[in-house]
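Computed from a predicted structure; not experimentally measured. Here, residue 1 is the first one in the sequence, and each next residue gets the next number.
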Amino acid sequence: MNGMLHSRNSVLRILLVLVLTLCIIASPIAAVFTAVGGNVYAENTGTTVKPPADLTISTAAELSAFAQAVNAGDDFSDKIVRLGADIDLAGATWTPIGRFAPIDNPVPAHAFAGTFDGDGRTISGLSITSGDSVALFGYLTGELSDLTVEGSVSGGETVAGVVAVLAGAVRGVTNRVRVFATGSYVGGIAADAAGTFLIADCINEGEIGNSSDTKSSGKLGGMIGRADTGTSGVIERCANTADITGYQYLAGIAGGIFGEVSVRTSYNTGKIEGKSFGKVYLGGIVGKLEGGTIDSCYNRGEIYGNRIDQSMGHIRAIGGIVGCEENHTVGTAITNVYQTGLIWFNATGMNPALDNHYIMMTGHISGGNSSTDVNTMTYENCFYEAGCYPQAEPLHPDYIFFRHEGGLSIWDTPYVTPATTDELRGAEILADLGAEFEADSENLNDGFPVLLWQNGVTDAPIRYYDVLSPIVLGGNASVVCSPTQAEEGETVSVQADSIETGKRIYRVIATDVAGSAVAVAPQQDGSYAFTMPGRNVRVEVILENDTAGGASYTLTMPDGLDGIWTVLTESSGAASATAYAAGSTVFVNVQKQPEALSSGLLGISVVQTSVGEGGDGSTEVLVATLKEGLYAFTMPAGNAAFTLNISYAPLSVFVQRGASQVPQALKTYSRQEMEVISENGIYYSGWSSETDPMIGRADTAVPLATLLADAGVTFAPGDILKIGSIDGMSLSYTYADLIGTPRYYYPGLLEGSAADRTPFEPILTICQNVILGSDGTGSEPPAGDTQNAYRFIFGQSERDFTNHTKVVDRLVKYVTSVTVVKAAVSGDIDGDGTLTVFDLVILLRSIVGLETLTDAQRLVADADGDNAVTVFDVVLHMRRLVGLD
């Protein structure tokens, strides 16, 4: 019997060894997990039953082995990994789970693609001291949930507490890791995004910062540092309570959003402190918003523009919710938000004598748009606490603005609503903020509205959106939309009746209030329908001529248009891309690149160029303007052509004689007048950053010397040249630096060669200046950065060439004025540019105490240079006046 039992035990041992061997072969980390290999979770949490784990991790060694497995190529796709205990990683430097590799990196990328369930546990002691793309997870394409992470992570670029590069989902994660980087893309939950991502129900409590090792470093956020162009995602029910300090783009939730990302039901209470070498965008929720939306969010954190570096110090934009909305895409919107955080600056590091030291734009909700003076952001139900921006009233003398001169017009003032503290805590604004907010009944937020999830509410009440009054274009009709209020996902019907005789529906268009298109489908009963998005909607019904169609004639498009214009024609009567049936309605849609500030469209003109089968004609065809950029006309019975009526901002030349005098206008030039004195094909060079060389070609440009000579003014030693632009920017250049210092075009800049340089005099470009790639390929691509606007270009000095002096911030574009400030004339007390007896009278009155001179007047009065104004100075000026000296 004992023998039989022993035999059976031997067999069992052999079978067990075989099983373990197979496990080891199947997974390189199975041997490390033998202690927990049989511990499978299938517990009832009270609300949901969790599926069993494929792998349960309970020790630091097991977590490290798991990281090694992922980094070796096992992505754990369709597998569940669960923590079985809190894990302390203290004492070891962590290697991230997964590795992201750029396309040009020879090292393969490995992502975790499974489900990692923290099960409410904590991973503490996380320690990383160097490297790029570092965090607990290096690359996540799967899902991470229900976890708290503590520790410290430092690195170069793409540094976070939880996930370095996120292309998956992070839910219910709290970051308490202190995160610090020397470069860009820094976040509490995630540093950067790739593809589509989700961050939900997360909190960042770890301080975040970056240093100034690289002047363009930045993009820091509590949830994510950057979501680049091409990414899409959602950030919802998230909060940042930690301080964030660094360079460039900073905010409580996301440093920079450039893709289509929705940030909703989130808040920030941490301090956002920005420093700048060249630019900084600070916002409570998003630093820079180029795409996506912000809805049902609030900021109560302090926003602080700190001391600016002495060599280069401008703050681009600061706002309570969004720092900057520059170049935002159609569909970008800020809705149902409020802001109470203090917005202020420490500008003591700025030097008013330097033109690159300034604060550009500010706002209570959105800081501004540095590419246009026209606010095209969509705002709905945006509130701010009056007094949260003390600089606004009155103007603080320490702040140096160039966009907001005079009474300091805050960027978003016409679009947002001020409120007292009591009003923000009251029922009326609470109702306006919408269904995601409720009263602070638990005193979580000092009486200010809180988000439902803060009070533990998981199911928000149904929210209804408005269908705005429909618009009829191209004729008359009665249009009814039903229902006029609908929840997201509900079908809305559009019915058009009483259509004007001779007209029919060409198209029904629906767009949400941020400009995004909403798909509209025709129905069998002749009506149209669309699905209500999570935003109010505008409906447009476009009518056209109801014609059976006849002979077709050619429509000639405008010739030689600049690349800033996009022109599309369409019609039901189109026989081809260029031929339309007589009597049909032709629609012309003209769009301009938003950065092209110096050009405007006045409308279009259509002329019938032939009658019937023969004979020339020049009959003007009536054109209807349906809305901005959309025109319609009836195709005549003959060939026709249309042109764009374009306006260009003029350029004016001024002279200012004496620092206290008002500039005098000498001549204002139209675009045609500038072209008359222009030259073609002028090449130039410069450093577009500290490392990137740039070669450009001005297709058409006016030399500065030619322009000033034509206007009748000289630019001489001692003078200052001021260049002003349509976007409010104004920079000054001394004669000694601009002309007195030899400047050149370096054709070998791309290769770092100083050979074959040629002297270069300043120019004002007219047409696009063509930029060559830093690798020298594509010598003349059709793209440029002047957007058909005047740009001031000057050459490189030897020092600029050698020191990689960044030139872009000094090449003013959208130029509208050139002012020569003449050198001060010794003894010119009244500032009229000449020395007269009246100047001597003022000088004598000041000596006897009847007048007080300003500092500028004392400077020109001090003829002997002894830093004092005396009778001897009067004598010296008098001798000059009568010609003795």
Side-chain angles (χ1 to χ4, degrees), residues 27-29 54-55 57 63-81 83 89 93-118 123 126-145 147 149 151 153-171 173 175 177 179 181 183-200 202 204 219 221 223-235 254-255 259 261:
S27 172
I29 61 171
D54 296 286
L55 177 65
I57 298 174
L63 187 64
S64 178
F66 165 67
Q68 293 174 33
V70 174
N71 295 336
D74 188 347
D75 65 3
F76 285 79
S77 179
D78 300 322
K79 298 288 178 31
I80 297 176
V81 179
L83 287 188
L89 298 174
T93 298
W94 179 249
T95 299
I97 303 167
R99 177 177 58 242
F100 179 81
I103 294 176
D104 58 353
N105 193 324
V107 178
H110 294 302
F112 173 73
T115 298
F116 191 101
D117 179 5
I123 295 176
L126 177 66
S127 177
I128 301 175
T129 57
S130 63
D132 295 334
S133 298
V134 290
L136 175 65
F137 283 79
Y139 188 18
L140 176 73
T141 61
E143 181 170 329
L144 169 65
S145 64
L147 178 68
V149 186
V153 173
S154 296
E157 187 168 287
T158 315
V159 181
V162 182
V163 180
V165 180
L166 175 63
V170 179
R171 306 173 190 267
V173 172
N175 177 64
V177 177
V179 181
S184 298
Y185 322 133
V186 192
I189 299 298
D192 202 2
T196 301
F197 70 94
L198 169 70
I199 301 175
C202 293
N204 178 63
K219 303 177 184 64
M223 293 300 110
I224 192 166
R226 178 185 72 164
D228 205 1
T229 303
T231 61
S232 62
V234 173
I235 302 173
V261 178

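- For Leu140 against Ala169, the heavy-atom pair with the smallest separation is CD2-O, 3.8 Å.
- Within the 4.5 Å cutoff, the side chain of Leu136 has heavy atoms near those of the Leu147 side chain.
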Decide yes or no on side-chain contact (heavy atoms from CB on, under 4.5 Å) for Trp94 and Val134, but give the supporting numbers first.
CA-CA 9 Å; Trp94 179 249; Val134 290; over 6 Å; no
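- Ala190 and Ile199 get closest at one heavy-atom pair: CB-CD1, 4.4 Å.
- At least one side-chain heavy atom of Ile235 sits less than 4.5 Å from a side-chain heavy atom of Phe197.
- Residues Phe112 and Phe66 place their aromatic rings such that the two centres sit under 6.0 Å apart.
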Candidate pair Ser154 and Thr129, rule side chain to side chain donor-acceptor pair (under 3.5 Å), full reasoning
CA-CA 5 Å; Ser154 296; Thr129 57; over 6 Å; no
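- In terms of heavy atoms, Ala164 sits closest to Gly138 at CB-O, 3.3 Å.
- Distance check, rounded to the nearest 0.5 Å: CG of Asn175 to CD1 of Ile189 gives 5.0 Å.
- Here Ile224 contributes atom CD1 and Thr231 contributes atom OG1; the two are 7.5 Å apart, rounded to the nearest 0.5 Å.
- Remark: Arg171 CZ to Thr115 OG1 distance equals 9.5 Å, nearest 0.5 Å.
- In this structure, Asn71 contributes its side chain and Pro96 its backbone to a donor-acceptor pair below 3.5 Å.
- When every heavy atom of Ala193 is checked against every heavy atom of Ala227, the shortest pair comes out as CB-CA, 4.2 Å.
- A donor and an acceptor atom, one from each side chain of Thr93 and Ser127, are nowhere located under 3.5 Å apart.
- Ile123 contributes atom CD1, which lies 8.0 Å from atom CD1 of Ile57 (distance to the nearest 0.5 angstrom).
- Across all non-hydrogen atoms, the minimal contact from Gly188 to Asn204 is CA-OD1, 3.4 Å.
- Judged by distance alone, the side chain of Asp54 and the main-chain N or O of Ile80 form a donor-acceptor pair under 3.5 Å.
- Considering only heavy atoms from C-beta on, Asp192 stays 4.5 Å or farther from Phe100 through its side chain.
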Derivation and outcome, side-chain contact (heavy atoms from CB on, under 4.5 Å), residues Leu83 and Phe116
CA-CA 8 Å; Leu83 287 188; Phe116 191 101; 3.8 Å; yes
Walk me through whether Tyr185 and Lys219 qualify under side-chain contact (heavy atoms from CB on, under 4.5 Å).
CA-CA 5 Å; Tyr185 322 133; Lys219 303 177 184 64; 3.5 Å; yes
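- For the residue pair Ala135 and Ala160, the shortest heavy atom distance occurs at CB-O, 3.2 Å.
- Remark: side-chain polar atoms of Asp132 are paired, donor with acceptor, to backbone N or O of Glu157 under 3.5 angstrom.
- Note that CG of Leu126 is 6.5 Å distant from CG of Leu89, once rounded to the nearest 0.5 Å.
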